[in-house]
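Right, one structure below, let's go through it.
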Protein chains: 2
Amino acid sequence: MPSPQLLEEYSQFFRILSEPARLQLLCHLKQGPTDVATLIEATGFSQSHISRQLGQLQRAGLVRCDRDGARTIWQAEGDLVDELCHLVQGRLRQRLEAQLQQFKAA
Amino acid sequence: MPSPQLLEEYSQFFRILSEPARLQLLCHLKQGPTDVATLIEATGFSQSHISRQLGQLQRAGLVRCDRDGARTIWQAEGDLVDELCHLVQGRLRQRLEAQLQQFKAA
DNA sequence: ATCACCTATGACGATAGACGCATTATGCCC
DNA sequence: GGGCATAATGCGTCTATCGTCATAGGTGAT
């Protein structure tokens, strides 16, 4: 039985991934290093919002940045999220198939 | 690049795991089938709250229930969450070790 | 130094979700 | 059927977080 503290840490990490905006940013950064202007254009979010979300992703260790003068270039770090999504995708697919069988049986 | 709909699904799933209360319930149910009265005593939450959280976990396919008359017996379903937590735990540990190295270097 | 540009942060409204209380619905037992 | 236990739901409150605007901080060019 995990300690409450550990459960708290887990939940905080999953909370990071519980927002489509952040997943969207992560996916863009998976394509390669990107500057903020590009992220603004790609997502339609305000600059301040993107800055905050990147900050959260950075504190979670999912993203890193290199400064190019005034500009900041961001990139995804590690494959953890890909692996997590892959596992989840399997479950989602599996559940849809089960629902489909229900319909066929009826 | 995943579709916005898929990202939405992912985020909704991760949101389920973003609450310590739900992780706590899941962990208890991992120990084996349990009735609600036991969960109330173990967690200290109200009956209504536990009922709702179990409902969410059920809709996500993480939990199933068998009725025993008026009583309901719940149990965890599948190992997905364990696998996800295992991956996350690796990352958390890895980051703490990195921080530790920072201190040692200083 | 001043200007233009980019990022980080404070303030704010809007909204979502946690959590409990009270009530209702549901299933046993007599 | 009535009475009793258990589970589900309507409602209210409160807190946290999203997302924006405005602003402050920082960096390079002229």
Side-chain angles (χ1 to χ4, degrees), chain A residues 4-5 7-29 33-77, chain B residues 4-5 7-29 33-77:
Chain A
Q5 288 83 356
L7 291 183
E8 178 70 33
E9 299 249 19
Y10 284 155
S11 66
Q12 279 180 23
F13 186 90
F14 288 127
R15 187 177 298 275
I16 297 283
L17 305 180
S18 75
E19 196 60 32
R22 281 188 289 266
L23 288 183
Q24 205 179 333
L25 288 172
L26 271 175
C27 290
H28 277 285
L29 296 179
T34 314
D35 74 326
V36 177
T38 306
L39 293 173
I40 292 176
E41 181 160 13
T43 64
F45 288 115
S46 69
Q47 177 268 322
S48 70
H49 194 228
I50 291 184
S51 173
R52 282 182 220 277
Q53 305 314 313
L54 288 175
Q56 291 199 43
L57 292 170
Q58 186 180 35
R59 277 189 297 280
L62 300 176
V63 132
R64 65 188 305 279
C65 69
D66 298 307
R67 317 216 60 142
D68 169 31
R71 195 149 61 257
T72 308
I73 307 297
W74 294 83
Q75 55 185 310
E77 193 175 14
Chain B
Q5 288 82 357
L7 291 182
E8 179 71 32
E9 299 248 20
Y10 285 154
S11 65
Q12 280 180 24
F13 186 90
F14 287 127
R15 185 175 298 275
I16 298 284
L17 305 180
S18 74
E19 195 60 32
R22 282 188 288 266
L23 288 183
Q24 205 179 334
L25 288 173
L26 271 176
C27 290
H28 276 286
L29 296 180
T34 315
D35 74 325
V36 177
T38 306
L39 293 174
I40 292 176
E41 182 160 12
T43 64
F45 287 114
S46 70
Q47 178 266 322
S48 71
H49 193 229
I50 291 185
S51 174
R52 280 182 222 276
Q53 305 314 314
L54 288 175
Q56 290 199 43
L57 292 170
Q58 186 180 36
R59 276 190 297 279
L62 300 175
V63 132
R64 64 188 305 280
C65 69
D66 297 308
R67 319 216 56 142
D68 170 30
R71 193 146 64 255
T72 308
I73 308 296
W74 293 85
Q75 55 186 310
E77 194 175 12

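Proteins come first, then strands; the chains are lettered A, B, ... in the order of their sequence lines, and each starts at number 1.
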If we only count heavy atoms from C-beta on, is the [X] to [Y] side-chain gap below 4.5 Å?
| X | Y | value |
| --- | --- | --- |
| B/D35 | B/W74 | no |
| B/Q24 | A/P4 | no |
| B/R71 | B/R67 | no |
| B/R22 | B/I16 | yes |
| A/E77 | A/V63 | no |
| A/T38 | A/H28 | no |
| A/Q12 | A/E8 | yes |
| B/L54 | B/L39 | yes |

Send over the distance from [X] [atom1] to [N] [atom2], rounded to a whole Å.
| X | N | atom1 | atom2 | answer |
| --- | --- | --- | --- | --- |
| B/W74 | D/dT6 | CH2 | C1' | 13 Å |
| A/I16 | D/dT17 | CD1 | C1' | 12 Å |
| B/Q12 | D/dC18 | CD | C1' | 16 Å |
| B/L25 | D/dA7 | CG | C1' | 15 Å |
| A/L17 | D/dC18 | CG | P | 12 Å |

Next on the checklist: By nearest heavy atom, map A/G69 and A/F45 onto DNA chain D; which one lands nearer the 5' end?
Outcome noted: A/F45
Next on the checklist: Checking contacts here: which listed nucleotide (D/dA7, D/dC18, D/dT27) is nearest the side-chain heavy atoms of B/V36?
Outcome noted: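 My answer, after comparing the listed nucleotides, is D/dA7.
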Checklist entry - Closest to the B/R71 side chain: D/dG19, D/dA22, D/dA7? => result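 For the B/R71 side chain, the nearest candidate turns out to be D/dA7.
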Checklist entry - In terms of the nearest nucleotide of DNA chain C, which residue is placed more toward the 5' end: A/Q47 or B/R22? => result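 Upstream on the strand: A/Q47.
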Checklist entry - Who pairs with A/R15 by side-chain hydrogen bond (donor to acceptor under 3.5 Å, both in side chains), at least two apart in sequence or on another chain? => result B/E19
Item to check | Residue-level proximity of residues 51-68 of chain B to DNA chain D when a heavy atom falls under 4.0 Å | outcome: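 Those residues whose heavy atoms fall under 4.0 Å from DNA chain D, taken from residues 51-68 of chain B in numerical order, are B/S51, B/R52, B/R67.
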Next on the checklist: With a strict under 4.0 Å distance from non-hydrogen atoms of chain A, what nucleotide opens and what nucleotide closes the contacted stretch of DNA chain C, reading 5' to 3'?
Outcome noted: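 Both ends considered, the range comes out as C/dC6 to C/dA11.
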Checklist entry - Looking across every strand, which nucleic acid part, if any, lies under 4.0 Å from A/S46 by heavy atom: base, sugar-phosphate, or nothing? => result base
